[in-house]
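Take a look at the structure set out below.
No experiment lies behind these values; they were computed from the predicted model shown. All ligand and atom numbering here is 1-based and tracks the order in the structure.
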Amino acid sequence: MKISIMGSGYVGLTAAAGFCKLGHEVICMDVDKEKVKFIKSGNLPLYEHGIKETIENAIKQKRFSITTNLSEAVDNSEITFITVPTPEASDGKQETKFLNTASKDLGKELKKKNVYHLVVVKSTVVPETTEKLILSNIESESGKKIGNDFGLCVNPEFLREGEALKDFLKPDRIIIGEYDKKSGDALESVYKDIKTVIMKTDLKTAEMIKYASNTFLASKISLTNEIGNICKKLGINTYEVMKGVGLDHRISPYFLRSGIGFGGSCFRKDIRALIWKSESLSYDSKLIKEVIKLNENQPHKIIELLEKKAGSLKGKKVSLLGIAFKENTDDIRESPAISIAAELIKKGAKISIYDPKASDNFKKIFPNIHYFNDIEKCLFKSDACLILSEWEQFRQLSNVHFSKMKNKIIIEGRKILNPNMVDNFEGVCW
Ligand code: NAD
């Protein structure tokens with residue numbers, strides 16, 4: 001099928017690569033001229049396994065292109081996916097300006113088209129947004145009527161950054177919120193070669209499934225961290241506890257790794273948007289609010305522990321290993337490393353950083369920190385080392401790597417070090 005995608009970020013480019021792998025023809029469109037130029041010249045503005053190679057292959061087979069011209073994208077496709085950002089505005093409210101512009105622009109293009117076109121909302125949008133904002137914009141700008149002239153679906157994305165393409169091609173489920181059967185069937189045919197459960201719902205149910213999923217996962221992390229904090233005080237290994245807990249099939253063994261809390265572009269803003277939406281309906285979602293509060297506090301736990309061990313941090317050299325919000329990505333959005341670095345700076349510490357991929361992004365926020373391409377150089381003469389994300393290479397660290405530190409204070413914010421290779425380290429909750 002011929003697919004266009006509005007928005008060439010993490011989700012747009014992952015979907016583009018995934019659709020190319022499924023044999024479709026993809027044309028990406030983005031308003032960011034620099035980004036489009038960068039991608040056209042054979043680069044990728046993000047680090048994600050397999051996407052660059054897949055897109056390179058698809059370019060050779062003439063199945064991938066990218067443009068800033070929406071007419072070109074819509075004219076050369078039967079389906080348009082919307083993958084523009086939906087960040088937090090203020091007080092948790094979802095910022096809809098990108099969706100607003102995208103759907104109006106799309107409506108103007110559809111006005112010129114004489115054949116049926118399917119619009120699919122893949123951005124994460126608060127329940128009722130697709131019907132009240134996107135549908136109404138497209139109808140008013142195109143002068144067309146949903147049903148015969150164009151179709152509409154909500155198709156939330158559940159990829160995990162770091163595993164994005166894999167998740168896209170082997171999802172646990174595909175949720176299709178359909179305006180009508182014709183729309184849903186057309187979208188289902190795009191995914192026909194993916195073997196998974198396809199669940200069809202109405203538009204707002206599909207929107208809500210995404211929020212409920214993210215809220216559930218984030219709650220699982222905050223609850224696990226809370227148990228970890230209690231275990232730490234009791235001298236109990238929380239990882240052993242959660243292993244026992246995860247053997248219960250009602251709970252599952254996933255998302256039970258306590259640490260410095262969740263980051264990433266989605267959990268916080270999606271949960272805050274859900275809280276905002278429920279408040280607009282006069283519902284006070286107490287439990288969900290607490291998930292965010294606990295997560296905001298969790299990164300401070302590692303500093304508390306560091307101060308307990310090192311005393312005042314003024315003038316001390318603290319090395320941070322891993323600053324991306326998780327391993328295998330260069331994404332630092334909402335990374336706990338940001339609040340940890342800010343707090344360390346406030347307390348007068350001198351920071352040195354090593355991350356395999358995320359340093360350039362971190363530099364945009366903290367230009368005056370020392371960044372290293374080599375772990376041992378980063379650790380040289382450090383008073384302490386904090387490990388903040390689970391890059392596979394940290395699993396290989398041994399006493400040799402830490403031997404150049406001035407004081408061997410090592411604290412893990414994520415459980416990654418091998419106790420057979422490193423001695424004298426402590427975890428934030430273990
Ligand atoms: P992103 O910021 O990485 O990329 C969005 C892109 O959209 C940018 O390149 C921007 O220039 C472009 N854009 C903005 N307005 C546009 C317009 N009118 N026309 C065309 N392009 C436009 O965002 P992302 O991380 O890919 O997230 C996109 C959406 O997907 C959000 O709603 C997000 O919540 C959701 N989502 C993200 C993830 C994730 O892991 N990143 C996972 C699931 C869902």
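A donor and an acceptor atom, one from each side chain of Ser222 and Asn225, are nowhere located under 3.5 Å apart. Between the side chains of Arg257 and Thr238, no donor-acceptor pair of N or O atoms lies under 3.5 Å. No hydrogens or angles considered: a donor-acceptor pair under 3.5 Å links the side chains of Glu207 and Thr130. There is a side-chain donor-acceptor pair under 3.5 Å between Glu412 and Trp430. No hydrogens or angles considered: nothing links the side chains of Thr83 and Ser123 as a donor-acceptor pair under 3.5 Å. Side-chain contact check for Asn373 and Tyr354: no donor-acceptor pair (N or O, by modelled atom type) lies under 3.5 Å. There is a side-chain donor-acceptor pair under 3.5 Å between Glu72 and Thr67.
Atoms of ligand 1 found under 4.0 Å from any heavy atom of Lys35 (numbered from 1 in listed order, with element): 8 (C), 9 (O). Near Phe98, the atoms of ligand 1 lying under 4.0 angstrom from a non-hydrogen atom of the residue are 14 (C), 15 (N). Numbered from 1 in the order shown, with element, the atoms of ligand 1 that lie under 4.0 Å from a heavy atom of Cys266 read 36 (N), 37 (C), 38 (C), 39 (C), 42 (C).
An N or O contact shorter than 3.5 Å is missing between Lys210 and ligand 1 by distance. Ligand 1 has an N or O atom lying under 3.5 Å from an N or O atom of Glu161, backbone or side chain. Geometrically, ligand 1 and Asp270 share no nitrogen or oxygen pair separated by less than 3.5 Å. Taking only nitrogen or oxygen atoms, main chain and side chain alike, Glu157 does not reach within less than 3.5 Å of ligand 1. Polar contact with ligand 1: present for Val11 (N/O pair, distance under 3.5 Å). For ligand 1, one of its N or O atoms has an N or O atom of Lys269 under 3.5 Å away. At a 3.5 angstrom cut-off on N or O pairs, Lys122 does not count as close to ligand 1. In terms of polar-atom proximity, Thr101 is not counted as a contact of ligand 1, lacking any N or O under 3.5 Å from an N or O of the ligand.
With a 4.0 Å cut-off on non-hydrogen atoms, Ser265 touches ligand 1 through its side chain and not its backbone. Residue contacts with ligand 1, taken as heavy atom pairs separated by less than 4.0 Å, do not involve Pro156 at all. With a 4.0 Å cut-off on non-hydrogen atoms, Gln94 does not touch ligand 1 at all. Counting heavy atoms under 4.0 Å from ligand 1, residue Thr83 touches it through the backbone alone.
Under a cutoff of 6.0 Å and an axis angle of 45°, Lys182 and Tyr116 form a cation-pi pair. Seen from the ring of Tyr47, Lys357 counts as a face-on cation partner, given the 6.0 Å and 45° thresholds.
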